[in-house]
Amino acid sequence: MDTEPAASSNAVPTDAARLAERRWQAVARRDPQADGEFVYAVRATGVYCQSIRHAVVPCALGWVLIAATRKGVCAIEFGEDAQALAERLRTRFPQAQFEPADAEFRRWIARVIAYIEQPQGVLELPLDVQGTVFQRRVWQALQAIPAGGTASYAEIVGRIGQSGAARAVGCACASNLVAVAIPCHRAIRTDGELSGYRWGVARKAELLRREGKK
């Protein structure tokens, strides 16, 4: 029976192999200079090469966790327990280097809190979010809904040109980890009723009330 010859131990690495090895060594060192070169998913590898600043502060909806990489905000999450929110972030990014808040990040915190209290216009923040192509299209459609407005899941399907994907749109909303910056609370049922919300339907209703949606 024919067998495939074993690879020679003296084989010269290809350019692709050398590049892959260099990138992996950068991951192992958590080299910040290599940030942005990697194409595999954070969730698949458990590796996150960037430092993260975060804060858990009280707001009108309970506690809110705000976290950011050097690229932008990567989490805005509501909860009842400040410690649980912080622990959830560390579980999500087990390899991250957590750093204290700097002046820029404190400005982002203030912007988020002010928007929760009095939502007007667009919450202008740089974002660093991970998602599929479909999820990103849904999130962009959500960001196009102005404060005080809503859109049904079916309407969002039409806006992204993906017929028959209302359930998938709902899943993309549920996958959003940056509340209010990507305003998934503005997605409602076709009959106008509120549906699920990652951080509780009561918070969804309160956000819409603050935005002036009756």
Side-chain angles (χ1 to χ4, degrees), residues 23 26-27 29-59 61-116 119 122-145 169 171-187 197-200 203-204 207:
R23 287 178 169 176
V27 170
R29 296 192 307 271
R30 286 190 278 184
D31 183 358
Q33 298 302 316
D35 180 41
E37 290 193 24
F38 310 108
V39 297
Y40 40 76
V42 170
R43 284 184 183 173
T45 62
V47 174
Y48 203 79
C49 297
Q50 301 188 62
S51 60
I52 292 180
R53 298 155 292 171
H54 77 287
V56 183
V57 296
C59 71
L61 301 178
W63 292 94
V64 60
L65 174 140
I66 304 161
T69 67
R70 288 184 300 276
K71 292 182 179 179
V73 173
C74 62
I76 301 174
E77 296 207 65
F78 298 113
E80 303 296 338
D81 184 282
Q83 183 175 351
L85 283 170
E87 289 176 353
R88 188 186 309 163
L89 180 72
R90 293 181 181 277
T91 299
R92 181 182 167 200
F93 298 119
Q95 303 298 325
Q97 293 181 341
F98 290 91
E99 298 181 349
D102 56 16
E104 177 184 55
F105 183 60
R106 285 193 291 270
R107 286 193 294 271
W108 293 350
I109 294 171
R111 201 174 299 172
V112 171
I113 297 301
Y115 194 83
I116 292 170
V122 177
L123 176 55
E124 295 287 354
L125 287 173
L127 300 181
D128 184 5
V129 293
Q130 306 291 326
T132 66
V133 172
F134 179 81
Q135 287 172 332
R136 287 176 176 273
R137 289 170 64 193
V138 172
W139 297 342
Q140 288 169 357
L142 291 169
Q143 289 178 299
I145 304 171
V169 166
C171 291
C173 291
S175 298
N176 172 37
L177 292 171
V178 282
V180 298
I182 297 177
C184 54
H185 64 278
R186 295 174 191 158
Y197 185 54
R198 185 184 186 96
W199 300 284
R203 287 193 177 97
K204 181 172 187 170
L207 283 168

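Atom set for the values below is all heavy atoms of this structure, side chains included, hydrogens, waters and symmetry mates excluded.
Summarising the geometry of Arg106 relative to Ala101, their closest heavy-atom pair is NH1-O, 3.1 Å, with the distance given to 0.1 Å. Of all heavy-atom pairs spanning Ala179 and Phe78, the tightest one is CB-CE1, 3.6 Å. Ile113 and Pro58 get closest at one heavy-atom pair: CD1-O, 4.2 Å.
The distance from atom CD1 of Ile52 to atom CD of Gln95, rounded to the nearest 0.5 Å, is 11.0 Å. Distance check, rounded to the nearest 0.5 Å: SG of Cys184 to CG of Asn176 gives 4.0 Å. Between His185 atom NE2 and Leu207 atom CG the span is 4.5 Å, to the nearest 0.5 Å. A distance of 5.5 Å separates CG of Leu127 from CD1 of Ile182, quoted to the nearest 0.5 Å. Distance check: Phe98 CZ to Arg90 CZ gives 5.0 Å after rounding to the nearest 0.5 Å. Atoms CG and CH2, on Leu85 and Trp63 in that order, are 9.5 Å from each other to the nearest 0.5 Å.
Contacts of Cys171 classified as side-chain contact (heavy atoms from CB on, under 4.5 Å), with partners at least two apart in sequence or in another chain: none.
No side-chain donor-acceptor contact under 3.5 Å links Glu87 to the backbone of Ala84. Between the side chain of Arg92 and the main chain of Arg88, no donor-acceptor pair closer than 3.5 Å is present. Not one N or O on the side chain of Trp139 forms a donor-acceptor pair closer than 3.5 Å with the backbone of Gly131. Panel note: side chain Lys204, backbone Arg198; no donor-acceptor pair is recorded below 3.5 Å.
Judged by the 6.0 Å and 45° rule, Arg203 forms no cation-pi pair with Tyr197.
The salt bridge (Lys or Arg N to Asp or Glu O under 4.0 Å) test with Glu104 singles out one residue from Arg111, Arg53, Arg70, and that residue is Arg53.
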### Message
Apply side-chain contact (heavy atoms from CB on, under 4.5 Å) to residues Val178 and Val73 and explain how you reach the verdict.
### Response
CA-CA 8 Å; Val178 282; Val73 173; 4.2 Å; yes
### Task
Could you give me the CA-CA distance, side-chain angles and deciding distance for Ile76 and Leu125, then say whether side-chain contact (heavy atoms from CB on, under 4.5 Å) is met?
CA-CA 11 Å; Ile76 301 174; Leu125 287 173; 4.3 Å; yes
### Query
Taking it one step at a time, do Arg107 and Asp102 satisfy side-chain contact (heavy atoms from CB on, under 4.5 Å)?
CA-CA 9 Å; Arg107 286 193 294 271; Asp102 56 16; over 6 Å; no
### Task
Could you walk me through whether Cys74 and Val129 pass the side-chain contact (heavy atoms from CB on, under 4.5 Å) test, one step at a time?
CA-CA 5 Å; Cys74 62; Val129 293; 5.9 Å; no
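Considering only heavy atoms from C-beta on, Arg186 stays 4.5 Å or farther from Leu142 through its side chain. In this structure, the side chains of Val112 and Trp108 stay at 4.5 Å or more apart for every pair of heavy atoms. Put simply, the side chain of Leu89 does not reach to within 4.5 Å of the side chain of Thr91, judged on heavy atoms.
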